[in-house]
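Numbers restart at 1 for each chain; the letters A, B, ... are given by sequence-line order, proteins then strands.
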Number of protein chains: 2
Amino acid sequence: MQRAGLQRGVGVALWRQIADGIRSGLTNGLVDDNGRLPPESELAERFGVNRHTVRAAISALAHEGVLHSVQGSGTFVRRRKRLVYPIGARTRFSSGFGRQTRDRQTELLDHAREAAASEVAEALGIKAGEEVLRLEMRGIADGLPVSRATSWFSAERFPKIVDLYLETKSITASLARLGIEDYLRASTGVEARHADEADTDELQLSPGAIVIVTRALNVDPDGVPIQFSFTRFPADRVELTIETARPTR
Amino acid sequence: MQRAGLQRGVGVALWRQIADGIRSGLTNGLVDDNGRLPPESELAERFGVNRHTVRAAISALAHEGVLHSVQGSGTFVRRRKRLVYPIGARTRFSSGFGRQTRDRQTELLDHAREAAASEVAEALGIKAGEEVLRLEMRGIADGLPVSRATSWFSAERFPKIVDLYLETKSITASLARLGIEDYLRASTGVEARHADEADTDELQLSPGAIVIVTRALNVDPDGVPIQFSFTRFPADRVELTIETARPTR
DNA sequence: TCTATTTGTCTATATCAATAGACAAATTTT
DNA sequence: AAAATTTGTCTATTGATATAGACAAATAGA
């Protein structure tokens, strides 16, 4: 029963080494057929540390969404099936995840009126420096953050969008109130990078995690830009599917 | 002047993050033309931490041999030229590094009498379980560890090898006292792997460093095995050259 | 139902990590 | 020679990390 290579005094906390070890060792015969981890006391003995140190590691992984514990029963690996976020002409922020989860919600974290940066202005087809409304939103599914979006609207065209959103809890509904019965996803760019500090904070990720970033533009039926947004998805919780063509039926 | 992405409370000490940052940023315009780092106070401000935290990072890198500091002057990048360890028929542990360094020494860390494991027995041409003498040695050049060797000798044939080594400070001289005027390197195997805990400890490496491991057998002029040894070299301080053929002259 | 197992919570203690400030010692610049 | 710069050392304080032990609360199994 070896101490599995934990190193002390090297500037990396034991609980972090153990958390990384458990995460990478999930496939490695550590979990049983029911997706259950060995009891904390056994893990503590196996790693050669105190039970509380193991608990700190498990707590980090639980916060990250990898594990969850049940008092009296044990600690289990979470449903690792990623949510599928479809991207196509009819993509809607609120309904993206459809019926894949029981409990989902969108919350407005912050909003502001500001001058349009060049990239935003170009996307929305306005002049740089013109006023825009910025909305910071987060999507949560089954208690775990699955998306983090920053959106811009023209302040001149949609001055009341924030109030409407707070009332209706939906961008689609808000736009409908403003007479825009339909809108389309004109373009979507996709990138991936390591999580920065804001990501680890707001999406409950651990350092080193990967986020998928989409850059999207919604337009009205006449092709006039309505909404420009950046959305960050945790790569281990979400995958994207691109609908390039609509199946005929 | 950004805080360069340091993260607090994630189980990785700030000094370790800074040390890694400095090490990987050495090429990245951090050092000037004289190989000098910015003053500690400036680094502290740049990373957004206390000067003492920067000092902890520098201390780790100095211990690792990457940097060295001079009071009143500054902190400099060490001569990064690797020592060359030639391997051939006449390879001697003590004189391997020749005149590449001014100050070099070999020290005996530990020794023991034990039963030969199967690999050792096979190499030395004796029966498994026969007694052998194991010597743990370390080579130091300019104050920095450059090799770590474990050697086995037949206890029956060389019972006094440890005493002789302590007296002569040389394996070659010890064997000469025993009437073995010459010996040859019969075979050398070479591998590379990540440093384990013993390596980081005894070779002053940081976690994640790479070590080159040689597996060598020395024989007397009649081809009878004398010494079997494993040697670990830090890959960032030492490189091996293999002499396959001896130049005629 | 009773018992054993397992996670959750609490107190206490020691060491490491990080900050803060002051001053000494060596070096470089003026 | 004097001043400025830079590393080295010291004390003190706060919070994070890790250990130790005890017991509560929930669950599973006999």
Would you say [X] places a side-chain N or O within less than 4.0 Å of OP1 or OP2 belonging to [N]?
X: S73(A); N: dT5(C); answer: no
X: R8(A); N: dT19(D); answer: yes
X: T53(A); N: dT17(D); answer: no

Grab the [atom1]-[atom2] distance between [X] and [N] for me, whole Å please.
X: E40(A); N: dG8(C); atom1: CD; atom2: C1'; result: 8 Å
X: L67(A); N: dT6(C); atom1: CG; atom2: P; result: 17 Å
X: R16(B); N: dC16(C); atom1: CZ; atom2: P; result: 16 Å
X: E42(B); N: dT7(D); atom1: CD; atom2: C1'; result: 15 Å
X: N50(A); N: dA14(C); atom1: CG; atom2: C1'; result: 13 Å
X: L6(B); N: dA16(D); atom1: CG; atom2: P; result: 17 Å
X: L43(B); N: dT5(D); atom1: CG; atom2: P; result: 17 Å
X: W15(A); N: dT19(D); atom1: CH2; atom2: P; result: 14 Å

Straight-line distance of [X] [atom1] to [Y] [atom2], nearest 0.5 Å:
X: S151(A); Y: H111(A); atom1: OG; atom2: NE2; result: 13.5 Å
X: I171(B); Y: T106(B); atom1: CD1; atom2: OG1; result: 9.0 Å
X: T214(A); Y: I212(A); atom1: OG1; atom2: CD1; result: 9.0 Å

Any donor-acceptor pair under 3.5 Å from Q17(A) side chain to Q7(A) backbone: yes
Main-chain N/O of A57(A) paired with R16(A) side-chain donor or acceptor, under 3.5 Å: no
Whichever of G72(B) and V70(A) has its nearest DNA chain D nucleotide further upstream toward 5': G72(B)
Residue R36(A) excluded, over 12 heavy atoms near CZ under 6.0 Å: yes
Heavy-atom donor-acceptor pair, R51(A) side-chain to dG21(D) base, under 3.5 Å: no
Check: H52(A) side chain, dG21(D) base, donor-acceptor under 3.5 Å: yes
Sugar-phosphate, base or nothing in reach of S41(B), heavy atoms under 4.0 Å: nothing
Derivation of the side chain to side chain donor-acceptor pair (under 3.5 Å) call for T150(A) and R232(A): CA-CA 9 Å; T150(A) 304; R232(A) 283 82 73 195; 3.2 Å; yes
Nearest to side-chain heavy atoms of L14(A), which nucleotide of dA18(C), dT19(D), dG8(C): dT19(D)
First encountered from the 5' end of DNA chain C, between G11(A) and I58(A): I58(A)
Inter-axis angle, terminal five-pair segments of the helix from dT1(C)-dA30(D) to dT30(C)-dA1(D) [nearest 10°]: 30°
